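Below is one structure, written out as C-alpha cells, with a few remarks after it.
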Amino acid sequence: MENRSLVTIADHTREKILYLLAMAEQFELHPNRRILDGRVVATLFFEPSTRTRLSFETAANRLGARVIGFADPKVTSGTKGETLKDTIMMVSNYADVIVMRHYLEGAARYASEIAPVPVVNAGDGANQHPSQTMLDLYTIYQTQHRLDNLDIYLVGDLKYGRTVHSLLMAMRHFNPTFHFIAPDELSMPESYKLYCRKMGIQYVEHKDFDAEVIAGADILYMTRVQRERFTDLMEYERVKDRYLLKLDMLRKAKPNMRILHPLPRVNEIEYAIDDDTHAYYFQQARNGLFARQAILCDVLGITLDQVINDNTIIA
Ligand code: NCD
C-alpha cells in the first residue's frame, strides 16, 4: 500500500501544497462534518504541546473521528522500557492514523517506515514540523492573497526552530526572499542555507533588528528561543532576550505586513503589539484546525472532490 504519511513538507510538490490549502479552505467554510465517522486517530505526544495536539484532536472530533492517545509519555509503557517501535506497532492495531510528536529528529520518519497506518509528524526535535507549515502557508495566503514572491523575515531561534526549517523548504516552490535574523549562536544551520542555494531560494542575513530592517517585510515570522534544546543553559541565558519585537519597531512596516508566530510566545513579541493591525498570530493558530483537518483527510485517502461533495456537513 502507498505510504500516505506526512513526515516532511519537502516531499510535497507545489501542486500538492495548493491542493491541501484548497481542502483547508473547504474546512474553514464548514468545519463540522461526519466525514471521518468511524475512524480512530491516535495522538502520541512525547514532547509538550498545546496548539498542535489540541488542534489535531479538535480537527478529528469536528470531523466525527474518535481520538485516543497521550499528552505525556510518563504515563505510558515507555517508562517501563518499551521501545518506540513496539509502541508504534501496538498503536497501529488500534488507530487508523498516528499523529506523533517526538524529541528525536527522524523519529517520525522511522515510525512511518514501520507503521502499517499513516503517520503525521507533529514535530521531531529541531528537525521538521510540516503540519505547522501547512497552517503557516494557509495564513500567508489568507493575508497576502498570494504565496509567490514574498519577503519573509524569520527571527529568533533559526537553529533549533523546526517551524522555520519546514517553512523554508515548503517555500521553495514560491520564489521567496528570506531574511534571517538570529544571534550567531542560533543562526540558520549551514545545511538549510545550502538547501536554499541548491533550490535557488534567495536569502539575506541581517544582524540588526529594527524598524529600518523590517520595513521590507511582507511576513515577519517571530520564534521563541527553544530552551529545551540547549545543552548549556548559560548559553540560553545569553541569547534569550537578543531579539524582541517592540511596538515602535513597526512604524515603517508595510500596511499589509503580518506578524506570525507558531506560539508559544515567551517574551519575543511585546504584548502591546497584540492589538496592532499587523498582529496575526492568534488567527494563525486558529487556522491550525482547518489545515489539520485537511492533513488528516489526505493521509486517510479522502480527496478534495470528496470534501467538496461531502453530504455529512453539520450546519
Ligand atoms: C512550535 C513547535 O512545537 O515547534 N510550536 C507549535 O507547534 N505551534 C514552536 C515552539 O515550540 O516554539
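These numbers were taken from a predicted model, which means no experiment stands behind them. One-based numbering, in listed order, for ligands and for the atoms of each.
Ranking protein heavy atoms by distance to atom 9 (C) of ligand 1, first place goes to L263 O, 3.6 Å. When only non-hydrogen protein atoms are considered, atom 8 (N) of ligand 1 lies nearest to P262 O, 2.8 Å. Atom 11 (O) of ligand 1 has its closest protein heavy atom at R224 NH2, 2.8 Å.
Selection from H129, R53, R51, E228 by nearest heavy atom to atom 7 (O) of ligand 1 gives H129. The nearest non-hydrogen atom to atom 4 (O) of ligand 1, considering only Q128, Q226, R162, E268, comes from R162.
In this structure, K16 does not pair ionically with D11, as no charged nitrogen and carboxylate oxygen lie closer than 4.0 Å. Checked for salt-bridge contact, R229 and E47 meet the test: a charged N lies under 4.0 Å from a carboxylate O. Taking the charged nitrogens against the carboxylate oxygens, R162 and D124 have no contact shorter than 4.0 Å, which rules out a salt bridge.
The residue T223 has no part lying near ligand 1, judged by heavy-atom distances below 4.0 Å.
Annotation for ligand 1: atoms under 4.0 Å from non-hydrogen atoms of T52 are 6 (C), 7 (O). Of all atoms in ligand 1, numbered sequentially from 1 with element shown, those under 4.0 Å from a heavy atom of Q132 are 6 (C), 7 (O), 8 (N).
Of the N or O atoms in R101, one or more lie within a sub-3.5 Å distance of an N or O in ligand 1.
Under a cut-off of 6.0 angstrom, the local environment of CZ in R62 is sparse, with at most 12 non-hydrogen atoms contributed by other residues, nucleotides or ligands.
The shell of residues lying under 4.0 angstrom from ligand 1, judged by heavy atoms, excludes E47. Ligand 1 lies less than 4.0 angstrom from a heavy atom belonging to P264.
H173 and E15 share no side-chain donor-acceptor pair at under 3.5 Å. Side-chain N/O atoms of D298 and Y19 include no donor and acceptor closer than 3.5 Å. With hydrogens and angles left out, the side-chain atoms of D276 and H278 include a donor and acceptor closer than 3.5 Å.
Here the options are R53, E57, R101, the test is side chain to side chain donor-acceptor pair (under 3.5 Å), and the partner is T43; only E57 passes.
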